[in-house]
Q: 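Quick one: this structure, given as structure tokens, is what I'll be asking you about.
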Protein chains: 2
Amino acid sequence: MAAELTIQQVAQETGLSVHTLRYYERCGLIAAVERATNGHRRYSVADIRWIEFLTRLRLTGMPIRQMQQYAMLVRQYPETAYDERRQLLEAHRQTVLEQIQQLQENLVAIDWKIQHYSELEAKVQTYGTVKS
Amino acid sequence: MAAELTIQQVAQETGLSVHTLRYYERCGLIAAVERATNGHRRYSVADIRWIEFLTRLRLTGMPIRQMQQYAMLVRQYPETAYDERRQLLEAHRQTVLEQIQQLQENLVAIDWKIQHYSELEAKVQTYGTVKS
DNA sequence: GATTGACTGAGAGCGTGCTCTAACTTCTAA
DNA sequence: TTAGAAGTTAGAGCACGCTCTCAGTCAATC
């Protein structure tokens with residue numbers, strides 16, 4: 001795979017900082033990236049796609065530890081272990097669904113409070129200061 | 001308001017630890033709780049309701065800083081400032097909606113990957129090891 | 001050949017939100 | 001009256017996920 005992107009370019013593309021990109025590589029989330037003759041990193045399009053997927057996992061709250069485990073499965077058994085990878089993602093999928101549900105439940109309570117304040121404001125408009 | 005619950009009981013009710021309850025009080029999220037003659041905290045039902053609402057704010061990702069601001073509005077102007085409180089909550093409501101949407105978008109990509117793995121697994125079953 | 005600017009690795013530092021410790025008090029039950 | 005369980009404060013410590021610093025390398029430009 002042609003590896004031609006500098007770390008700066010990848011940072012721009014992915015929204016991660018160059019620090020974070022090096023950090024991710026250091027801790028095994030990204031496999032050793034190709035290097036130019038001067039030792040500088042050169043990322044391939046496949047690297048970018050991988051980083052984008054990693055970012056989705058992070059944004060859905062997967063801890064680095066688990067991402068490392070997933071990365072390890074992909075790297076260590078590149079043409080197999082589909083079952084294990086799928087299971088890991090399915091477990092994560094479940095936690096994401098739970099997160100969404102919890103957010104929605106809590107949102108109802110917040111909406112309720114907003115509504116309550118609106119009503120109190122209306123009363124203040126009509127009658128002056130009101131308690132609670 | 002009758003204040004009769006010990007910190008242990010409140011921890012049980014709310015799911016927070018006693019450490020966290022004291023921490024929340026220390027940093028101004030909970031107004032000074034009533035004390036028994038021996039100096040021990042005695043929480044009222046209103047305290048519990050407040051803590052439950054705080055917990056909803058936390059679980060939806062509101063930072064402590066902002067919760068402090070909200071708590072300050074409630075405490076400092078107990079019978080007014082509804083507009084400001086409502087605005088604060090509405091701004092938060094917006095970020096929660098965005099969170100949910102982002103989770104859902106990322107979930108699609110994860111589902112997609114799970115599906116992909118399922119298909120690869122099926123191929124492995126049929127033809128033996130397959131690449132990608 | 002000197003300067004500039006992007007890169008490198010290793011490791012220190014930081015912000016957030018708890019979580020735990022230590023030393024002390026107070027109440028209850030044996 | 002003594003043991004132990006639960007409470008108190010102030011402050012230290014911790015896990016996580018970055019984020020920044022530093023000293024050095026390298027290539028291009030003036």
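Every chain is numbered from 1, with letters handed out A, B, ... down the list of sequences.
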Q: Taking atom P of D:dT21 as reference, at what distance in whole Å does atom OH of A:Tyr23 sit?
A: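 Atom OH in A:Tyr23 sits about 19 Å away from atom P in D:dT21.
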Q: Would you say B:Thr20 places a side-chain N or O within less than 4.0 Å of OP1 or OP2 belonging to C:dT19?
A: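 Yes.
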Q: Starting at atom CD of A:Gln9, determine the distance to atom C1' of C:dA6, rounded to an integer number of angstrom.
A: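 Whole-Å distance recorded here is 12 Å.
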Q: C:dC18 C1' sits how many Å from B:Glu25 CD, rounded?
A: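 For the pair B:Glu25 CD and C:dC18 C1', the rounded distance is 16 Å.
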Q: Can you check whether B:Arg22 has a side-chain N or O nearer than 4.0 Å to OP1 or OP2 of D:dT9?
A: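 Looking at the OP1 and OP2 atoms of D:dT9, neither is under 4.0 Å from any side-chain N or O of B:Arg22.
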Q: Please check if any side-chain donor atom of B:Gln115 sits under 3.5 Å from a side-chain acceptor atom of B:Asp111, or the reverse.
A: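 The answer is no; no qualifying pair exists.
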Q: Which nucleotide wins on minimum distance to the side chain of B:Asn38, given the candidates C:dT19, C:dC27, D:dG17?
A: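 My answer, after comparing the listed nucleotides, is C:dC27.
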Q: Rounded to whole Å, please give me the gap between CD in B:Gln66 and C1' in C:dT16.
A: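 After rounding, the reported distance stands at 15 Å.
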Q: Please report, rounded to the nearest Å, how far the C1' atom of D:dC16 is from the CE atom of A:Met62.
A: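 Value for this atom pair: 16 Å.
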Q: C:dC18, OP1 or OP2 - any side-chain N/O from B:Tyr24 closer than 4.0 Å?
A: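 Yes.
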Q: For B:Thr37 and B:Gly61, find the nucleotide of DNA chain C closest to each by heavy atoms; which residue's nucleotide sits nearer the 5' end?
A: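 Whichever sits nearer the 5' end wins; that is B:Gly61.
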Q: Side-chain N or O of A:Thr6 less than 4.0 angstrom from OP1 or OP2 on C:dA6?
A: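 For C:dA6, neither OP1 nor OP2 has a side-chain N or O of A:Thr6 closer than 4.0 Å.
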Q: Return the nearest nucleotide to the side chain of B:His40; candidates are D:dG7, D:dT19, C:dG9.
A: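 Looking only at heavy atoms from C-beta outward on B:His40, the closest nucleotide is D:dG7.
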Q: Check this for me, if you would: do A:Glu52 and A:Arg56 make a salt bridge, where the nitrogen-to-carboxylate-oxygen distance has to be below 4.0 angstrom?
A: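 Answer for the salt bridge query: no.
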Q: Is there a donor-acceptor contact under 3.5 Å linking the side chains of A:Gln9 and A:Glu13?
A: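 Short answer, no.
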Q: Please pick, from D:dG17, C:dT19, C:dC18, the nucleotide with the shortest atom-to-atom distance to any side-chain atom of B:Ile64.
A: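 Of D:dG17, C:dT19, C:dC18, C:dC18 is nearest to the side chain of B:Ile64.
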Q: Taking only side-chain nitrogens and oxygens of A:Gln8, does any of them come within less than 4.0 Å of OP1 or OP2 of C:dA6?
A: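 The answer is no; no side-chain N or O of A:Gln8 sits under 4.0 Å from OP1 or OP2.
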Q: So, does the side chain of B:Arg35 form a donor-acceptor pair with the base of D:dG7 at under 3.5 Å?
A: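 Absent.
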Q: What I want to check is whether the side chains of B:His40 and B:Thr6 have a donor and an acceptor closer together than 3.5 Å.
A: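 No, no side-chain donor-acceptor pair sits under 3.5 Å.
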Q: In whole Å, I'd like the distance from the CG atom of A:Leu21 to the C1' atom of D:dC20.
A: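 Going from CG in A:Leu21 over to C1' in D:dC20 covers 15 Å.
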Q: Any side-chain donor-acceptor pair under 3.5 Å between A:Gln102 and A:Glu98?
A: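 No - no donor-acceptor pair under 3.5 Å links their side chains.
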Q: Rounded to whole angstrom units, what separation is found between the CD atom of A:Glu34 and the C1' atom of C:dC7?
A: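 The answer, rounded to whole Å, is 17 Å.
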Q: Does B:Arg58 have a side-chain nitrogen or oxygen under 4.0 Å from the phosphate oxygens OP1 or OP2 of C:dG17?
A: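 Yes, because at least one side-chain N or O of B:Arg58 sits under 4.0 Å from OP1 or OP2 of C:dG17.
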Q: Go through the N and O atoms of the side chain of A:Arg65 and the base of D:dG17, and report whether any donor-acceptor pair is under 3.5 Å.
A: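 No.
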Q: Please give, in whole Å, the distance from C:dT8 P to A:Arg26 CZ?
A: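 It is 12 Å, rounded to the nearest whole Å.
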Q: Has A:Arg41 got a side-chain N or O lying under 4.0 Å from the OP1 or OP2 atom of C:dG9?
A: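 The answer is yes; a side-chain N or O of A:Arg41 sits under 4.0 Å from OP1 or OP2.
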Q: Checking side chain to side chain donor-acceptor pair (under 3.5 Å) against A:Glu90, which of A:Arg86, A:Gln87, A:Gln94, A:Arg93 comes through?
A: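 Per the side chain to side chain donor-acceptor pair (under 3.5 Å) rule, the option paired with A:Glu90 is A:Arg86, out of A:Arg86, A:Gln87, A:Gln94, A:Arg93.
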